[in-house]
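Some notes on the structure that comes next.
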Amino acid sequence: MKEEQYIKAFSEIDKTVKKIIENPDIEDSEYKIFRDKIIQEIDVENAWSKFSLKKDRGYFIYSSVAAAVLLFLTLLIFIPSQNIKESETLISSDILPAEGTVTLRLSSGKVLEINSSETSEELNEGVVVSTDGNEISYEGVSQDKTNQYIDNDISNKLEYNELITPKGRSYSIVLSDGSRIWLNAQSSIKYPVRFDKNERKVEISGEAFFDVKHDSLRPFIVETLDYDVKVLGTKFNVKAYSDEESSSTTLVSGSVIVPLKTGGERRLSPGEQLNFSRTEKSVKVEEVDVELYTSWVDNNLRIEQMPLGEIFKILKRRYEISVYFVEDKLMDEQFSGKIPLNDNLKIVLDQMSKVSNVEFEYQKNLVVVKYKNI
């Protein structure tokens with residue numbers, strides 16, 4: 001169905017809803033006639049063809065337009081005229097990503113809000129903030145290859161900046177050597193404006209995906225709370241949130257070496273993940289589906305039989321929500337699929353409820369999770 005038809009249908013819905021609100025004595029039969037007319041005009045099957053959701057081993061793929069259509073149709077089909085006021089509240093109670101500001105702490109201690117290209121005026125020459133506010137680049141700092149690195153004899157004079165993302169935001173940064181890093185929500189990375197001559201070293205907290213430029217003479221080192229990751233040029237994901245029980249490194253391509261602070265080292269091959277348990281101080285390396293750990297870069301959460309407790313742990317970094325599980329065993333309910341991380345969360349949760357025995361209730365910013373009364 002064409003977009004113009006959806007707009008026309010929604011306009012008619014809006015007019016009729018207002019009519020019913022202003023005339024509470026209107027007969028339900030009139031509402032039923034209107035409802036049936038709208039449903040005939042909307043190609044429900046086609047609109048919903050891009051939205052499928054299955055519990056456990058299935059997948060759900062989100063389509064904002066299709067989901068909006070189906071939600072509207074659900075309200076039309078199941079909510080009688082006397083409940084229109086309640087339905088208006090339901091439609092408007094969106095759960096959108098938290099609105100935070102990415103910040104940059106300079107070596108001087110000054111903190112800047114990264115919100116537009118105007119910020120570049122307060123930074124080093126050659127540093128550029130994208131106009132859409134999603135990336136900062138230091139690549140221009142090293143246009144002169146003879147001056148790309150600082151002599152290690154004066155490495156104590158390296159100028160470090162720290163990029164910090166809030167809840168609800170991801171952000172990317174291009175370092176002076178051309179390496180690109182995507183920083184997930186509630187994360188930070190500390191890095192030199194220009195690297196020294198012997199190595200390229202950064203420090204992260206939270207989660208980041210790295211696409212490192214190859215340099216056989218200068219290894220790239222990522223420092224985390226638990227271990228360091230040493231590479232020459234490769235793509236990998238590091239998850240090291242301080243409030244979680246474990247940290248992990250997932251290799252997409254190339255090769256990485258992980259010297260462990262507990263002794264020894266591990267070398268990873270593409271498709272392998274190193275998981276460090278903070279409670280047991282142990283390391284496990286296994287093959288994984290790397291997309292499950294890197295899809296967040298595209299603002300999607302790809303999950304495979306993930307417990308609901310873990311799902312909400314991730315969603316709480318993107319949305320300003322609190323979660324209450326009526327029963328502890330609800331946290332173990334597993335789902336598979338793909339969740340958008342930058343859209344209306346309520347629509348996704350409602351669809352998850354449709355294919356499971358779990359339901360969600362909303363009280364402002366609180367999501368109550370409980371089993372359905374079947």
Side-chain angles (χ1 to χ4, degrees), residues 134-139 141-142 145 148-149 152 158 163 165 170-184 187-241 244 246-277 282-302 304:
N134 289 321
E135 183 174 87
I136 183 171
S137 174
Y138 288 75
E139 198 166 15
V141 173
S142 300
K145 297 300 181 181
Q148 183 174 359
Y149 299 95
N152 62 308
L158 286 175
L163 186 68
T165 54
S170 59
Y171 202 83
S172 62
I173 175 173
V174 181
L175 300 179
S176 59
D177 67 335
S179 296
R180 178 175 269 105
I181 302 167
W182 288 261
L183 204 61
N184 206 347
S187 302
S188 66
I189 180 170
K190 188 175 182 180
Y191 55 93
V193 174
R194 287 187 296 173
F195 296 107
D196 67 30
K197 293 177 66 175
N198 293 324
E199 65 181 12
R200 300 168 290 168
K201 182 180 292 186
V202 300
E203 180 181 342
I204 75 154
S205 174
E207 185 169 21
F209 180 84
F210 294 81
D211 185 355
V212 176
K213 286 288 186 180
H214 182 81
D215 188 336
S216 60
L217 299 179
R218 301 173 182 87
F220 193 100
I221 299 172
V222 180
E223 292 185 343
T224 74
L225 178 66
D226 304 305
Y227 54 79
D228 298 343
V229 182
K230 185 176 180 180
V231 305
L232 296 177
T234 186
K235 296 181 181 181
F236 59 99
N237 190 81
V238 175
K239 186 177 183 181
Y241 285 105
E244 296 193 357
S246 64
S247 59
S248 63
T249 295
T250 308
L251 182 61
V252 176
S253 63
S255 178
V256 303
I257 297 175
V258 181
L260 302 173
K261 294 181 179 180
T262 55
E265 65 179 30
R266 293 293 184 94
R267 181 184 293 271
L268 299 184
S269 299
E272 289 187 332
Q273 179 185 83
L274 180 145
N275 189 282
F276 177 80
S277 171
S282 61
V283 171
K284 179 175 67 174
V285 176
E286 60 182 350
E287 291 188 2
V288 297
D289 180 350
V290 296
E291 189 182 349
L292 296 174
Y293 304 93
T294 61
S295 59
W296 65 265
V297 174
D298 296 319
N299 285 317
N300 289 307
L301 174 61
R302 161 105 187 269
E304 180 68 36

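What you see is a predicted model, and the numbers here were worked out from it, not measured in a lab. Any value given below was found using the heavy atoms of this structure, including those in side chains, with hydrogens, waters and symmetry copies removed.
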Open item on the list: Checking T224 against D226: is there a side-chain donor and acceptor pair closer than 3.5 Å?
Closed with: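 D226 vs T224: no donor-acceptor pair found between side chains.
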- [ ] Flag the pair R302 and D289 as a salt bridge only when some basic side-chain nitrogen lies within less than 4.0 angstrom of an acidic carboxylate oxygen.
- [x]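 Salt bridge: yes.
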Task: Salt-bridge contact E223-K190 (side-chain N to carboxylate O under 4.0 Å) - done: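 No.
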Any [X] side-chain heavy atom under 4.5 Å of [Y] side chain:
X    : Y    : result
R218 : E199 : no
Y293 : K239 : no
N237 : W296 : yes
I181 : Y191 : no
L175 : F195 : yes
R194 : Y138 : no

- [ ] Apply the side-chain contact (heavy atoms from CB on, under 4.5 Å) test between L251 and each candidate in V258, V231, V256; give the one that qualifies.
- [x]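 Filter result, single survivor: V256.
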Open item on the list: With side-chain contact (heavy atoms from CB on, under 4.5 Å) as the test, pick out the partner of Y171 among I136, N184, I189.
Closed with: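 For Y171, the side-chain contact (heavy atoms from CB on, under 4.5 Å) test succeeds with only one of I136, N184, I189, which is I136.
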TODO: Using ring-ring contact (aromatic ring centres under 6.0 Å, His included) as the criterion, list what pairs up with F210, not counting sequence neighbours.
DONE: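 Expected list: F236.
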Main chain of [Y], side chain of [X]: is a donor-acceptor contact present, judged purely on distance under 3.5 Å?
X    : Y    : result
T165 : S187 : yes
S295 : N300 : yes
D196 : N198 : yes

Open item on the list: Let's go through H214 and S216 carefully: what are the C-alpha distance in whole Å and the side-chain angles of both, what is the deciding distance for side chain to side chain contact (heavy atoms under 4.5 Å, CB included) to 0.1 Å, and is it a yes or a no?
Closed with: CA-CA 6 Å; H214 182 81; S216 60; 3.9 Å; yes
